[in-house]
Amino acid sequence: MSERYPELSFQAQSLDNLALDPMEVNGCPLEEKDEEERERLVQRIAQVSKSGTRVFSEGSISAFRLGNEFILEIPSDQKDSAGRIAPIICYGHVSRESEKSWPDEVVSAIRDFANRIGRGVSDQAAVRRGIEAVKKNWISRLWVRIKEWLSALGRKLRRHLALPSLSP
Amino acid sequence: MPLPIIIAVVIVLAATAATAAIVLNWDKIVTQLKGKKIAILGARGVGKTTLISFLTTGCVPESSKQTIRSGNAKGRRFSLRELDLKIKDTRDLPGGPDAYAEWKELFDEADLVFYLLRIDKLVESDAEAENRVRRDMKQIESWLKELKDQRPLPRLFIIGTHGDLANPDLTTLPENEQGNYQDRIRALPIIQECVQRAGGSHNTKVVLGSMKSKEETEALVFGIFSQVESQS
């Protein structure tokens, strides 16, 4: 798993609300002593949640996107000691989203993490839709960037060649 | 008086206070709360999201989920009996110690800090709950020291929740047992330590109650805001 999905990190809250929250970064579990890394992950998740765009919301599943970072919050099948929904967060950078297998790989990685911490994620189809939304958002943003870049390039070329501007 | 009874009495008193508003100067309270930013902090499962939800929507959520990532909570006009004020935007933060950096960020901006703890656990002398409260309060103490020379310190409210779990029969207790509640609860060593770390009783108020129902949450919130006047 850690070799297959090195770009993904995970966080869950313990079901008894007392034990250390399970966390993994780049496939490696974070222990209590890994205080800095744990805080860093929590801060990145908070940043994407606070400043990012919500790109997907379906039931208790939601996805946010900030630049090339994303988070996906998925409810696990288990409830905590207070009877609350106990979600799992998947945090990552979109880097291989153009690969066709990427959404399925992320879904598998989430399922594997859930299993490792004794949880289950039933609605994997909805999780996949969330990932697709993250991917789609990335493509639309990339397209906007390309258009901006082409437009800037066009302006530079016109200036360089002393061509009249086409805009009114 | 056994402690569970004391807790229950506190809650009864909070409910009574809600109907005894004539003794409070609400204009003064509203003025003091106007434009203030509230930070709601506390360990996991103490009721932060429930309280934020009540303050920002007027409702107690029927179903809930663990707050695993921070979320924005939109402020709104808040009306509760004689009280009518605008709650500023705030954030709902996770309760794990890994989120201390986020807590601090909100703490640094806040005028009022509500630190929630599970009073039922502390009454039981639950070591894990006590350790967590102690750890949180050490953080808060250090943040207060950092802020000391920079701006007026935020006012602190130590809010004991889950009072209903301390005694399920709390609402049926006679009112004449209300007298010593506050002192007895304050006398708990862990509460005394909290007050001391938060800068002493002139800057810190202890309020107790439950958020099991909307009515109990109203009484608790009313109890908190009515303490603002006495804190000034």
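Residue numbers start from 1 in every chain, and the chains themselves are labelled A, B, ... in the order their sequence lines are given, proteins ahead of strands.
Between chain B and the residues A/M23, A/E39, A/E73, A/E35, the largest count of heavy-atom pairs under 4.5 Å involves A/E73. Counting heavy-atom pairs closer than 4.5 Å to chain B, the top-ranked of the candidates A/I45, A/D21, A/V48 is A/D21.
Within 6.0 Å of the CD atom in A/E36, the count of heavy atoms belonging to other residues, nucleotides or ligands does not exceed 12.
Using a 4.5 Å cut-off between heavy atoms, A/R44 makes no contact with chain B at all. Proximity to chain A (any heavy atom under 4.5 Å) is shown, for B/R132, by neither the backbone nor the side chain. In this structure, chain B has heavy atoms under 4.5 Å from both the backbone and the side chain of A/A86. With a 4.5 angstrom heavy-atom cutoff, A/S62 touches chain B only via side-chain atoms. In this structure, chain B has no heavy atom under 4.5 Å from any part of A/Y91. When heavy atoms are compared at a cutoff of 4.5 Å, A/S81 does not approach chain B at all. Looking at A/L41, there are no atoms closer than 4.5 Å to chain B (heavy atoms on both sides), in backbone or side chain.
Scanning all heavy atoms of the two residues, the minimum distance from B/S70 to A/S49 falls at O-OG, 2.5 Å. Across all non-hydrogen atoms, the minimal contact from B/Q66 to A/S14 is NE2-O, 3.1 Å. Closest heavy-atom contact between A/Q13 and B/I68: N-CD1, 3.7 Å. Residue B/R44 comes nearest to A/R84 through the heavy atom pair C-NH2, 4.5 Å, listed as atom of the first residue, atom of the second, then distance.
The backbone N or O of A/I89 lies less than 3.5 Å from no partner atom in the side chain of B/R69, so there is not a single donor-acceptor pair.
Put simply, the side chain of A/K50 reaches to within 4.5 Å of the side chain of B/E105, judged on heavy atoms.
Salt bridge absent: A/D80 and B/K65 never bring a charged side-chain N and a carboxylate O closer than 4.0 Å.
With hydrogens and angles left out, the side-chain atoms of A/Q11 and B/D98 include no donor and acceptor closer than 3.5 Å.
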